[in-house]
Amino acid sequence: MPIDSRIPASRQTGTFVKTGAPQIIEILGGAGLDFAVVDAEHAPFDRATLDILVIAARSVSLPLFVRIPDVAPATIQSALDLGVDGLLVPHVDSAEAARVVVARSRFIGGERGFSSSPRFAGYGAMGMKKAVQAGDGTAIMCQIESRAGCDAARDIAAVDGVSGLFVGRADLALSLGLTDARAPEVMQATVDILAIARQAGKIAGVALGDAAERAEFESMGASWFVVGSDLSLLRKGALSLML
């Protein structure tokens, strides 16, 4: 199976952004992060705030993903029209769910409505053909975080247009009736999902609480890491002042 051109050639590290301040995006980009993920699933982001964060990300050449709160067509189109580099889609539990997301993210063979006026299309400067090509190249990361998602992971990875699988260990633990993201069952499921992603020629991603875990999960086959968040980084920095 050919390797997806969007797979990072080497380890990539980013973080979740849960605060609607463009300065945070500028700082993360200046620090050299490979990407950031705006967490619209668990933090209060409206379209106007996301718009400003995308502008900030472009100013520092920081690839910006958004973890969408739902898969409604309007939610997906709004994020993509603003010019985000990719979507992180939570709770993808079946290949059919993955196909729906891909269809709503694509023009050719999909359901996404086209306008040349948004940022993704250069505010009309790109022309329709180039804009469609750019829009249809947006990365789609499917988050696997349930028993059903684990069972369907191989079929999800095989869906055309899915860029990679991303393991959410906290919700996966809960789905398995556990409260420990490092429980043996969760860790084994993580290894299995990462292997499935690699075998399919897709990105193998995982959420980590701390950068100290990165080498461990890299040895399991992960290459795309979302480590903590802007809030956890701020908290750690504040606590270090009190040592």
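- A donor-acceptor pair under 3.5 Å links the side-chain atoms of Asp136 to the main chain of Ile108, judged by distance alone.
- Side-chain contact between Asp210 and Lys236: present, with at least one pair of heavy atoms (C-beta onward) separated by less than 4.5 Å.
- Both Val167 and Phe217 sit in one connected hydrophobic cluster of ILVMFWY residues. Membership requires side-chain heavy atoms under 4.5 Å apart, directly or through other members.
- Side-chain contact check for Asp81 versus Arg112: some heavy-atom pair is nearer than 4.5 Å.
- In this structure, Val101 and Cys142 have side chains that are not in contact, with every pair of non-hydrogen atoms separated by 4.5 Å or more.
- In this structure, Cys150 and Ile144 approach most closely via the heavy-atom pair N-CG2, 3.6 Å.
- Proximity of a side-chain donor or acceptor of Asp230 to a complementary backbone N or O of Lys18 within less than 3.5 Å is detected.
- Looking at Arg154 and Asp192, no side-chain N of the basic residue comes within less than 4.0 Å of a carboxylate O on the acidic one, giving no salt bridge.
- Side chains of Arg104 and Glu111 form a contact here, defined as non-hydrogen atoms less than 4.5 Å apart.
- The backbone N or O of Ile140 sits less than 3.5 Å from a side-chain atom of Ser163, completing a donor-acceptor pair.
- Just one of Glu213, Glu185, Glu145 meets the salt bridge (charged side-chain N to carboxylate O under 4.0 Å, His left out) condition when paired with Arg169; it is Glu213.
- Looking at Ser175, its side chain does come within 3.5 Å of a backbone N or O of Arg147 through a donor-acceptor pair.
- Val159 and Val100 fall into different hydrophobic clusters, where Ile, Leu, Val, Met, Phe, Trp and Tyr are joined by side-chain heavy atoms under 4.5 Å apart, directly or via other members.
- Distance CG/Leu87 to CZ/Arg67: 12.5 Å, rounded to 0.5 Å.
- Paired with Ser146 under the rule side chain to side chain donor-acceptor pair (under 3.5 Å), one option of Asp151, Asp93, Asp171 passes, and it is Asp93.
- Remark: side-chain polar atoms of Thr138 are paired, donor with acceptor, to backbone N or O of Gly135 under 3.5 angstrom.
- Phe35 has its side chain within reach of Val226: a pair of non-hydrogen atoms, C-beta onward, lies under 4.5 Å apart.
- Pro69 is listed as a side-chain neighbour of Thr75, based on a closest heavy-atom distance under 4.5 Å.
- Using a 4.0 Å cut-off between charged nitrogen and carboxylate oxygen, Asp51 and Arg119 count as a salt-bridge pair.
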